[in-house]
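Let me begin by presenting the structure, written as structure tokens, before commenting on it.
Not measured: the values here are computed from a predicted model.
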Amino acid sequence: MKQNLDYKLIFALAAVGIIWGTTFLGIRVAVETIPPWFVTSIRQGLAGIIMMIILLFKKELKWIGWENLKHQLVPSILMIVVANGFTTVAEQTVPSGLASVISAMAPILIFLGSILFKLQKPSLRGFIGVVIGFSGVVFIFKDGLGSFLDADYRIGMMFMGFAITAWAAGTIYTKIHGNKSKNIVLNLFYQFTMASCIQIVLAFIFSPTIDVNLWSTKSILAALYLSVFGSVIAFFSYNYALKHVTPVQVSILAYINTIIAVFFGWLILDEKITVDFIIATILIILGVFIINYKKKEKKVL
């Protein structure tokens with residue numbers, strides 16, 4: 001008997017792949033005139049409000065208890081405050097396409113972390129994928145070696161390194177503890193709200209004097225897009241997918257994100273794409289594909 005297709009899961013995976021590909025462009029546009037920590041605090045704050053409205057409408061807004069709050073605080077800090085926040089800070093100096101290619105390394109870190117926490121068994125194929133993926137990073141650094149003389153670029157790349165490490169850690173933690181509460185919207189409401197509170201404090205620390213008049217309409221619209229699509233729809237879809245497939249399987253969508261982000265960065269922001277950059281992208285995507293590729297086994301009836 002054939003299994004029925006899970007259309008909700010297909011939609012969730014498609015939303016993660018496509019929407020998060022465009023968020024790299026959205027972040028780059030938003031930080032043109034809005035300080036990065038304000039971009040991310042506005043993004044998560046509005047997302048939290050949207051989640052609260054949904055919960056009030058469904059009469060599901062409630063206290064989740066200290067134990068579950070602790071389980072929501074960890075991914076909130078790792079995936080939203082650190083991963084999302086640091087990526088936003090990095091894109092002040094790092095092109096959106098390059099930021100997406102670095103982010104595509106997250107599945108490799110998730111694979112290594114999954115082995116470490118015994119969520120997955122080590123394999124020769126996985127090791128080959130890791131080596132190929134990391135060789136892509138060599139091409140990125142080879143292409144941008146001169147850029148490392150620029151302190152801002154160096155700091156941006158360092159922030160991207162912290163971001164993908166935190167994202168991998170948050171994904172693994174969510175997979176281990178994610179089944180303790182079934183209400184994704186309620187969990188995300190707490191995650192977004194806690195993250196937004198932390199990020200608004202960081203915003204005023206790093207940008208104590210702000211002039212909202214300098215914020216362009218284009219940047220504000222980009223921040224709104226990041227909130228509704230990049231946070232509410234994509235994060236809900238990501239958490240839904242994590243409950244139905246392995247963290248590594250969800251993370252393979254990173255290479256769809258990358259292709260979309262690189263394309264839009266080139267098309268809209270005129271970001272430079274070199275031969276080394278294309279080779280780096282292909283190697284990282286190939287490495288992730290090799291790690292995640294599984295032959296379908298024919299069932300004997």
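The number of heavy atoms from other shown groups lying within 6.0 Å of CH2 (W266) does not exceed 12. Heavy-atom neighbours of W66 CH2 from other residues, nucleotides or ligands within 6.0 Å: at or below the threshold of 12.
From I260, atom CD1 reaches atom CD1 of I19 across 10.0 Å, with rounding to the nearest 0.5 Å. Of the inter-residue distances, the one linking S231 atom OG with W20 atom CH2 reads 8.5 Å to the nearest 0.5 angstrom. I50 contributes atom CD1, which lies 4.5 Å from atom OG of S227 (distance to the nearest 0.5 angstrom). Between atom CD1 of residue I18 and atom CD1 of residue I259 there is a gap of 12.0 Å, rounded to the nearest 0.5 Å. With values rounded to the nearest 0.5 angstrom, F204 atom CZ is found 8.0 Å from S41 atom OG. For the atom pair CG (L98) and OG1 (T93), the distance works out to 9.5 Å, reported to the nearest 0.5 Å.
Linking ILVMFWY side-chain heavy atoms closer than 4.5 Å, directly or via other members, places L188 and Y240 in a single hydrophobic cluster. In the hydrophobic clustering of this structure, F24 does not group with I273; members are Ile, Leu, Val, Met, Phe, Trp, Tyr whose side-chain heavy atoms approach within less than 4.5 Å, directly or through other members. V89 and L202 fall within the same hydrophobic cluster, defined by Ile, Leu, Val, Met, Phe, Trp and Tyr side-chain heavy atoms under 4.5 Å apart, directly or through other members. Residues L221 and L226 fall within the same hydrophobic cluster, defined by Ile, Leu, Val, Met, Phe, Trp and Tyr side chains chained together at heavy-atom separations under 4.5 Å. Grouping the Ile, Leu, Val, Met, Phe, Trp and Tyr side chains by contacts below 4.5 angstrom, directly or via other members, places M194 with V201.
In this structure the side chain of R43 never reaches within 4.5 angstrom of the side chain of F192, judged on heavy atoms. Looking only at side-chain heavy atoms (C-beta outward), H71 and I64 stay at 4.5 Å or farther from each other. In this structure, the side chains of I102 and M157 come closer than 4.5 Å at one or more pairs of heavy atoms.
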message: Working note: L46 + V228, criterion side chain to side chain contact (heavy atoms under 4.5 Å, CB included); need CA distance, chi angles, decisive distance, verdict.
response: CA-CA 8 Å; L46 284 175; V228 176; over 6 Å; no
query: For W63 and Y190, what are the C-alpha separation, side-chain angles and deciding distance, and is it a side chain to side chain contact (heavy atoms under 4.5 Å, CB included)?
result: CA-CA 10 Å; W63 170 241; Y190 279 96; 3.7 Å; yes
task: Please assess T87 against W167 for the test side chain to side chain contact (heavy atoms under 4.5 Å, CB included), listing each intermediate value before the final yes or no.
output: CA-CA 11 Å; T87 300; W167 185 266; over 6 Å; no
- request: Begin from the C-alpha positions of T258 and I284 and carry the test side chain to side chain contact (heavy atoms under 4.5 Å, CB included) through to its verdict.
  value: CA-CA 10 Å; T258 304; I284 290 171; over 6 Å; no
Audit row: N187, Q191, side-chain hydrogen bond (donor to acceptor under 3.5 Å, both in side chains) steps and yes/no: CA-CA 6 Å; N187 290 343; Q191 285 185 29; over 6 Å; no
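Remark: the backbone N or O of S96 is paired with a side-chain donor or acceptor of E271 at under 3.5 angstrom. Judged by distance alone, with hydrogens and angles left aside, the side-chain atoms of T33 form a donor-acceptor pair with the main-chain N or O of S216 at under 3.5 Å.
Defined by atom type and a distance below 3.5 Å, a donor-acceptor pair is missing between the side-chain atoms of Q199 and N84.
Here the closest heavy-atom approach between residue F189 and residue G48 is recorded as CD1-O, 3.4 Å. Across every non-hydrogen atom of P75 and T174, the tightest pair is CB-OG1, 3.7 Å. When every heavy atom of I290 is checked against every heavy atom of R125, the shortest pair comes out as O-NE, 3.0 Å. For the pair L13 and A241, the tightest heavy-atom approach, listed with the atom from each and the gap, is CD2-CB, 3.9 Å. The two residues W215 and P35 have their closest heavy-atom pair at NE1-CD, 3.7 Å. Between A222 and V29, the shortest heavy-atom contact is CB-CG1, 3.9 Å.
Considering L56, V185, I184 as possible partners of M51, the one that fulfils the side chain to side chain contact (heavy atoms under 4.5 Å, CB included) test is V185.
Aromatic ring pairs are classed by plane angle as parallel below 30°, tilted from 30° to 60° and perpendicular above 60°; the pair Y225 and F229 is parallel. Under the 30°/60° scheme for interplanar angles, the aromatic rings of F162 and F86 are found to stand perpendicular.
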